[in-house]
Each structure stands twice: as C-alpha cells, then as structure tokens.
Engineer: 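Sending over a structure as structure tokens; questions will come in a sec.
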Amino acid sequence: MTKEISDELRKSRAQVLETVSKLPHLPGVYRYFDTEENVLYVGKARDLKKRVSSYFQKTLTSPRIAMMVEKIARLETTVTRSEAEALILENNLIKALKPRYNILFRDDKSYPYLKLTNEATPRMMYYRGSVDKKHQYFGPFPSAWAVKESMQLLQKIFLLRSCEDSVFANRTRPCLLHQIHRCSAPCVNAIAPTDYAADVDNAAKFLRGRQSEVMQNLETKMLAFSSELAFEKAAIVRDQMSALSKILHQQSMETSNESDIDIIAVTVEGGRACVNLAMVRGGRHLGDRAYFPTHVEDAVVVAEQQIDAEIAAAFLAQHYADQFIPGQIILNVELDAPDLLVALMDQCGHRIHLSFQPQEQRRAWLEMAVKGARLALARMLSEQGSQQARTRALVNVLELELEDIDQLRVECFDISHTSGEATQASCVVFHHHQMQNGEYRRFNINDITPGDDYAAMRQVLLRRYEKIAQLDAEDENLVVASESSKRLPDIVLIDGGKGQIEVARQVFSELGLDSNVIVGVAKGEGRKVGLETLMFVDGRAPKELGKESAALMLIAQIRDEAHRFAITGMRAKRAKTRQVSKLEEIEGIGPKRRQRLLIRFGGLKGVEEASVEDLMGVEGISKQLAEEIYQRMR
C-alpha cells in the first residue's frame, strides 16, 4: 500500500512540475492540493511562473514550506489582469476553501449599525444587515452594547424617538420616555416638526464627530430663543448643551478632532495569535473585538516576513473584503504591502493611510489595543488549557485508549418536537477540545408515528452512520484515511436512558459497527446538571460522576448544545409549517396584512418572488412598506 502511494505521489509530482514549466509570466492566483484533493495553500503572485517555481527549488529556507511542498500532488492557477485583482481573488478563495497552510480568520458579518430612518419623523434604531442609500447608517460598531450606548446618548441629548412606527402612529399621549426626558414626543406634536428635524440633523453630526459644530448650532438656537423671550424653549436647548458638554467631558476616550479610524493590534504567543480590532467612529472610541486566527502554526510565511506581519496582512485582506474600510488604519506591526493597499482602495473608492507610530491620542488608543490583545490571548490560552484538561478527564473516565487526546471526536444526538409536530434530530460535534459548529447537522424526521422518539433516534442514526458502514465494508483503510467526519467517532452520546441506548445498539449491530462507542446520558432527578448517569452497552456498570466532575461538565455542555441545536431547528421547521416567517419580523405587517400577502401570492415563496409593484397591489401595502418587504425578503 505504501509503495502504491509513493508511486502515485511520484507521478503526481512529475505532472505538477510539468504544469509549472508551462505557467505564464502573468499575475494570478495558485492553489495546491494533496493526494486526497484537500486544498493545502492558496497564494497570489505578480509573476505566476517565478513565484510557483520558487516552491520547487532544491533548498527551501522554511521547514514549513518544505513540509507543505512534500504533500503537493496537484496545482491549479487562475490568471488575473493585475496583482490587486489577484489579491481579491486570493482572499475570496481562502475564505471559501479554508486551506490548511493559510492563516484563516472567521468570516464575521454580524457588525451592527445605528440607523436613522428617512421618514417625516425619523426614528433611531439598532440595525443589522445590508445598508442602503435611503436611510442614514452609522457604524459599524464592534458590539451591540456600543450601539445601544450610543442610542442612550442620543436620547439624553437630542431626545430622538426609538418607538416602532405602529406605536408612533397610534399614540394619543406621551409615553414614559417623554416623562423621564428621553424623548421629545413628536408622536403628539409636543415638538415642532422643524425643531425635531434640527435635532435629528444635530444627532447625525454628533455621530460623525462634528460635536463642536453641534454645540455652536445649539448655542445659536438658545440665543435666538432668548432674544424672542421664549425662555422655556431656551431652557430646553440649554439642557441639551449641558448634557452634551457633560458627556464629552465624561468620555475620556473621545476627541473632537478625529473621524473614522481602526486600530489593529497583533500579538503572538504559545503558537497562537490574537488580532484586536478597536473602532473609532466620529471621534468616539466604540470598543474593541478580538479575533483568533487558525492555522497559525502551519502558516506559510512568504518572502521571509515575520509571522505577525503576515497575520496583519491576512487580517486586512480577509476582514475588509466585505466590510467598511475607514480612511485611517493604525497597526502595531510594520507592514509593507502596497499591492494590498491598492486593492483595498480600489474596493472602497477612497484613500487609506496606514500608520505604525502614532502620536498623542492615537498612540494611547494603540497601546490600549495591544494590551487588550495580550489579555485576550492570555485568557484564550488559559481556557484552552482548561479545555484540554476536561477532554483528558473524559478520556480517563470512559477508559478510552487514544494516542492523542486532541483527536478525540464526540458526536451527540438529540430529538426535538412539539407534541409530535415538526420532529427534528440534531447531531453536534466536539473535536479538538471544542464544539465544531461547521460540522453540525440537522435531520428532518419523516414517516414515523408522531412523538415516537425511539423511531426518530433509529432513523437519524441509520442516516448518519450508514455511509460509514458502507465505507468500512469496502475498505477499512479508506475510513482511516478519510476526513474525520467520515469515520466512526470515538464517542456517540445519546441523550436518553435505556430505551434510547438499546435503539442505538440495535442500529450499530445492524450496520456492523462497534457499539462500544455508544454512551447514554440519562437525566437525573429534576433534570439537574450533575445528577446524570452515564450508561454503556459493553457491560460496564452505569456511572454517576457527580457535579464536581470535569468530565461530566463536558458531557453536559455537549448534551445541552445538541438540545439547543435541535430545538432551534424544530422551531424554525414548525414556523415554516405554520407559515410564520420573515414577514412577522417586518414592522407594519400584522396578522391581517400577512394573511392578505400569503393569499395573494399563494404562500411565502410567492411573496419572496414578488416585485415592489406586485406587493403594492395588496390592500394595505404602501409603496414604502412594499419596498421594505422586498428588501427584507431577499
């Protein structure tokens, strides 16, 4: 078998070298694959032939590159018009393919915004999703907390409304927010439309960092009211100025001279890395968010760059591929990447300035970001050590024989339904000391008696492990060589007692699989964590570990995650069955309008495919509401 693999690799290498010899001297992207068609590495080049040829020299300075090159069985290339274009393609492929030897950042598109609606009486609101030109959006913010804090500031200073349109349209008297001086009550005309519009305009300027201009506007407005002897109105403006002045003095992190800046701090320790991103918007420091790239240990560092510089470059390319890019970016590592800057500027349409040695306030921000990165990395390494200890405890308790506990794989199953309706099964995966969300699976359970959990468990186990049994029957070496999701896990956790475990044992016996991997988790009295009993099918006596057991805490975490994943899937399926959908989440769509839409278009799919004009044809749907439905249903 080894000789066959060696001959196959030798032939593949000859084909690779032949492909390299025919590469053009043009910019582009290259991809390396191993014998199992797994992507090893994705890179870009100004000159494909020179860059790719450099990997196949007799002497390579980097042992990691040499290790990767030994595994290359095939390569693919894509020619681009420029190196900037190659950079964009490279990072799109990295995100999609997740190569082992590239530094990877989790694709996070969940940044929230503060939204000021474009209405006669604008509303401020918390918002996630794609932005448009119709409304004003401020952000992105690093967290939901930062948005809500900004909304509270606007309520204190400018008294903007935050209520939904349906509530606003039906108010007959001011709400509690008006009574506690957090809203000017435009719903009952307690403020003139022109004055409210001025407050909205000042709020937008405040969020853009033009605080001094806002103060001048308020001062001019207060003096005008005083000269007209409208002292009550002047007092209201005076209170606004006082609140604004007080907040600006309290917020030591703010400065009126800055606009939009991102501060990026990279730190590497213990074979792991942390990138801490701090955001300044409109001169206000909104907080930070830590990212932990994967594949850092295996990463191929090109052109002999330092690993922290390569991590910073990877973050800039991957993070800003589909995110807002400010004009100023401050980093704690020197980065010489003109092509990267060109690509990012082509994407955003404005100049980007990188700063590595900032002064004054910016220097303080960078120092704080570096400190935050170090603390986050230390916390992550500590938690990682704790996770490894829990895994080791579980291996010891279950008496597993594993050479490497890092490879322990646990799959856990749970069944969820509502009185037999919308039955779904979940399978969650624990591997490499943590839950692997990308490998979770849901199974729709059909053709069983409603509420029959035993039949549901039998169906999901058959569907999950039938292919593994087939692979095992064809060639037992094939299972070992395949990726982890195609091999039998070390532990199959079943959330249930003797009945569920017996069903699992029967399924494994029918499939010819080792049933000793099955472990049942029977709930204790009152379903309290710590009182569970572990049950086995190999003749071992049941075990009660106690609430102090690290192994039981890990089992409980995996079991609870399977339950959460199953119940959220079941609720989504039930909602779809009952035709409860995204329509419920749209303001202004109540039961009657929702029913009219579903009847007119024959169901949810018809509503999703309808145009704005079609939607406007439904009774009670205005043009504005039709546009909102059209956008939200996409």
Side-chain angles (χ1 to χ4, degrees), residues 5-105 293 295-296 298-307 309-318 320-321 334-347:
I5 294 175
S6 178
D7 290 341
E8 182 182 349
L9 189 59
R10 196 178 299 110
K11 291 178 182 177
S12 300
R13 176 54 55 87
Q15 292 174 354
V16 168
L17 294 176
E18 183 179 354
T19 303
V20 172
S21 67
K22 297 178 181 178
L23 289 176
H25 293 280
L26 294 171
V29 173
Y30 54 92
R31 300 174 289 284
Y32 295 143
F33 298 82
D34 64 14
T35 54
E36 296 178 9
E37 289 299 307
N38 297 316
V39 184
L40 295 172
Y41 185 73
V42 174
K44 65 169 179 61
R46 181 183 292 111
D47 185 314
L48 277 172
K49 185 160 189 174
K50 287 183 179 179
R51 182 74 190 99
V52 176
S53 298
S54 68
Y55 284 95
F56 299 95
Q57 297 173 353
K58 291 184 178 180
T59 55
L60 291 171
T61 55
S62 169
R64 287 196 178 98
I65 295 179
M67 187 185 302
M68 180 193 71
V69 171
E70 284 296 319
K71 299 177 181 179
I72 297 173
R74 187 171 69 85
L75 77 88
E76 291 180 356
T77 60
T78 302
V79 174
T80 59
R81 292 173 295 183
S82 65
E83 190 172 5
E85 193 175 89
L87 177 74
I88 295 172
L89 176 59
E90 175 197 26
N91 285 285
N92 287 337
L93 289 172
I94 289 172
K95 284 188 174 185
L97 302 176
K98 298 179 173 56
R100 175 180 174 181
Y101 288 90
N102 285 95
I103 297 169
L104 302 180
F105 286 88
H295 300 183
V296 173
D298 291 329
V300 174
V301 182
V302 298
E304 298 305 315
Q305 289 193 54
Q306 294 295 321
I307 185 65
E310 186 67 14
I311 290 170
F315 180 80
L316 289 175
Q318 294 179 40
Y320 292 116
E334 293 282 346
L335 191 63
D336 183 19
D339 297 312
L340 173 60
L341 271 184
V342 169
L344 293 177
M345 287 189 287
D346 285 346
Q347 176 184 317

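Just so you know, residue 1 is the first one in the sequence shown, and it goes up from there.
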Engineer: Would Tyr55 and Tyr32 count as a ring pair (Phe, Tyr, Trp, His ring centres under 6.0 Å) here? Give the steps.
Structural biologist: CA-CA 11 Å; Tyr55 284 95; Tyr32 295 143; 5.3 Å; yes
Engineer: Evaluate the criterion side chain to side chain contact (heavy atoms under 4.5 Å, CB included) for residue pair Val39 and Asn102; output intermediate values, then yes/no.
Structural biologist: CA-CA 10 Å; Val39 184; Asn102 285 95; over 6 Å; no
Engineer: Does His25 offer a backbone N or O that forms a donor-acceptor pair with the side chain of Lys50 under 3.5 Å?
Structural biologist: no
Engineer: For Glu76, enumerate each residue passing the side chain to side chain contact (heavy atoms under 4.5 Å, CB included) test, keeping only those at least two apart in sequence or located in another chain.
Structural biologist: Arg31, Phe33, Arg74
Engineer: Does Asp34 reach the main-chain N or O of Lys71 with its side chain, forming a donor-acceptor pair under 3.5 Å?
Structural biologist: no
Engineer: Using a 3.5 Å distance criterion without hydrogens, assess whether the side chain of Lys49 forms a donor-acceptor pair with backbone atoms of Val20.
Structural biologist: no
Engineer: Quick one: list whatever passes side chain to side chain donor-acceptor pair (under 3.5 Å) with Asn92, sequence neighbours left out.
Structural biologist: none
Engineer: I'd like to check the side chain to side chain contact (heavy atoms under 4.5 Å, CB included) partners of Lys98; sequence neighbours left out, ordered by chain and number.
Structural biologist: Leu104
Engineer: Would you sort out whether Phe56 and Val16 count as a side chain to side chain contact (heavy atoms under 4.5 Å, CB included), showing the intermediate values?
Structural biologist: CA-CA 10 Å; Phe56 299 95; Val16 168; 3.6 Å; yes
Engineer: Is there a side-chain contact between Leu335 and Leu316 (heavy atoms, below 4.5 Å)?
Structural biologist: yes
Engineer: How about Ile103 and Ile307: do any of their side-chain heavy atoms sit closer than 4.5 Å?
Structural biologist: yes
Engineer: Who passes side chain to side chain contact (heavy atoms under 4.5 Å, CB included) against Pro27, sequence neighbours left out?
Structural biologist: Thr80
Engineer: State, with a plain yes or no, whether a side-chain heavy atom of Gln318 is found less than 4.5 Å away from one of Lys95.
Structural biologist: yes
Engineer: Which of these, Asn38, Val42, Leu93, sits in a side chain to side chain contact (heavy atoms under 4.5 Å, CB included) with Pro99?
Structural biologist: Val42
